[in-house]
Amino acid sequence: MSSNVVTLVCIVSLASVILVGAGLCMKKQYMDTPTIKTELVKNIKTVEDLVKLFPTSAAQIDAIIDFYIKNTQKEIQAIIDVPANKRTFANTAFALDRVSSFSDLPIAINAISMLENLSPDKDIRDAAHKAIMRVGNFYVDSFSSNKKLFEAFKAYVEGNAATDDLTSEQRYFLKENMDDFIRAGLNLPQDTLDYVGLLKKNLSELTLAFSKNIAQDNRTIEVDIHGLKGVDPEFVGALKKADNGSYLLGTDYPTRSAIMENCAVEDTRRRYFELCANQGYPENDTILKQVFAKRDQVARLLGFDSFAALDTADQMVKNPVRAYHFLHDLIKRAEKKEAVELDLWLADMPESVFLDAQDRIKRWDMNYLQNQYKKKHLSVDEEEIACYFPMKKTVKGLLDIYRQFLSIDFKEIPVTGLWHPEVTLIGVYDRENNILGYLFMDLYPRDNKYTHAAHATIIPAVMGQDGARVAPAVSVVMANFPKSTASKPALLKRQDVSTFFHEFGHALHALCGATQMASFSGT
């Protein structure tokens, strides 16, 4: 996944609220750029300073948010207070970019968001959750629903920008942001805008709760040894046990792969499928219905026919009709191949796979059916292939490939004091051995941790006027790969390796993709 976890992770980032665009070629106007406080960036001199980005107590989280919200309010007011005839790209557009994407508050909330998803400490997770909601509400009030800020930006776009010597990229930045302000409803009557803002706050709270319910759903099912026929004995031996001696199956990804692809007992596959499918249920059933209703309300108040129309308006596809035709064209083209493969699978089904009353493959049998077909007819055994991808060797190979592709280097850096002792730190350097940034990796499953794989930016990669880095970028890659056992190293399936490369690619985009506009940086 992308910093779409993000999605998850950067719920309050202005990049996802009002700032969209592409990198700019800056001109002399930046000479009068106002100073936006970035103490968190300035203070990073050592690895210990990096660790300090992540608060270690609930009280520290609360204090950080209090302090940085007050600073951000002052910085926003400074933009609003610039007289119309004194407005420049620097003191209006560039200043907005900095305060929203490269000041202390967005950096702090990026780090705190990681703690909600990764910290084993419940008090810290809960405090992080509240902080994200609080900052999300602050961003709605102070940015996406702030008419005074909109009028300030509009005054520059319709005033001095017309005669300023701007590049085409700078003008694109202005156009995109004006479009985003309008899409956010800043041209609506104040009472309607206030209601849209309230709905956005409700949605922020609901979507955060939805994700939290999944991440912290630690339910398991119990299965005896006979119910685990076909599963790797070493994997079974590493499972937790109930008091009665049964094995406990949780919803982490290594367990999902082991059970759904290899377990020869249908009842176990069915029960386990239902366990995974019902993470966060029944709470999330109610939440999801509320999300649908409120998204539809927001879209219609903003002048769109549906949330799908609002959601696609600033994307390449532009509208849901084009998206529908694109997807259904792909489906039509794939149907012939699908029919051929389905016939092959059904001609030789494993003994524990049976079609339902409508002659359909049951959901919990699909992965097992495919895996057994590959083993029997294609001589492809994913468990055997995994033996070629032990974690240590895979990491080395991955880094070597990116060294060649991007002419950069990596060095593992010893680190302590983070949210979990399994977290590792990698320094990323250019060919002259200058530091580009730092990458934290949290790769193994545990209770209450984010359940998928994702990348998230903590500090974006930003350049000054001279093209030099303002500060090292910082990113996190999180995943849920298999752990080592007493007799076997951690082995990655091919899909795990693909996922690792995917998320690592996002991380390197974020670390290497430096721009002068912070909201354009990286992904």
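Looking only at distances, no side-chain donor or acceptor of Asn448 sits under 3.5 Å from a matching main-chain atom of Pro120. A donor-acceptor contact shorter than 3.5 Å links the side chain of Asn213 to the backbone of Ala209.
Of the charged side-chain nitrogens involved, at least one lies within less than 4.0 Å of a carboxylate oxygen, so that Lys449 and Asp442 count as a salt-bridged pair. Salt-bridge formation is detected for the pair Asp126/Lys212: a Lys NZ or Arg NE/NH1/NH2 atom is positioned less than 4.0 Å from an Asp or Glu carboxylate oxygen. A salt bridge links Asp285 and Lys289; the closest N-O separation between the charged side-chain nitrogens and carboxylate oxygens is under 4.0 Å. The residues Asp179 and Lys175 are annotated as salt-bridged, a charged nitrogen and a carboxylate oxygen being separated by less than 4.0 angstrom. Here Lys148 does not pair with Asp81 in a salt bridge; the nearest charged N to carboxylate O distance is not below 4.0 Å.
In this structure, Phe150 and Ile182 have side chains that are in contact, with non-hydrogen atoms separated by less than 4.5 Å. Residues Arg134 and Ile69 have side chains in contact (heavy-atom distance under 4.5 Å, counting atoms from C-beta outward). Inter-residue side-chain proximity for Leu50 and Val415 is flagged as unmet; no heavy-atom pair is nearer than 4.5 Å. Val196 has its side chain out of reach of Ser145: every pair of non-hydrogen atoms, C-beta onward, lies at least 4.5 Å apart. Here the side chains of Phe173 and Leu166 are not in contact, with every heavy-atom distance at 4.5 Å or above. With contacts defined as side-chain heavy-atom distances shorter than 4.5 Å, the pair Trp364/Tyr272 does not qualify. You'll find the side chain of Asn110 stays beyond 4.5 Å of the side chain of Ile459, heavy atoms only.
Contact record, Ala473 with Ala510: CB-O, 4.3 Å, taken as the closest heavy-atom pair. Contact between Phe143 and Phe181 at its shortest, heavy atoms only, is O-CE2, 4.0 Å.
For Tyr438, there are no ring-ring contact (aromatic ring centres under 6.0 Å, His included) partners, not counting sequence neighbours.
With hydrogens and angles left out, the side-chain atoms of Glu116 and His129 include a donor and acceptor closer than 3.5 Å.
Classified by interplanar angle (parallel below 30°, tilted 30° to 60°, perpendicular above 60°), the ring pair Phe500/Phe481 is tilted. Between His506 and His502, the angle of the ring planes goes over 60°, which puts this pair in the perpendicular group of the 30/60° scheme.
Under the 6.0 Å cut-off for aromatic ring centres, His452 and Tyr253 qualify, their centroids lying closer than that.
Geometric assessment of Arg270 against the ring of Phe273 yields a negative cation-pi assignment under the 6.0 Å and 45° thresholds.
Enclosure of atom CZ in Phe67 is not indicated, since only 12 or fewer non-hydrogen atoms of other residues, nucleotides or ligands lie within 6.0 angstrom.
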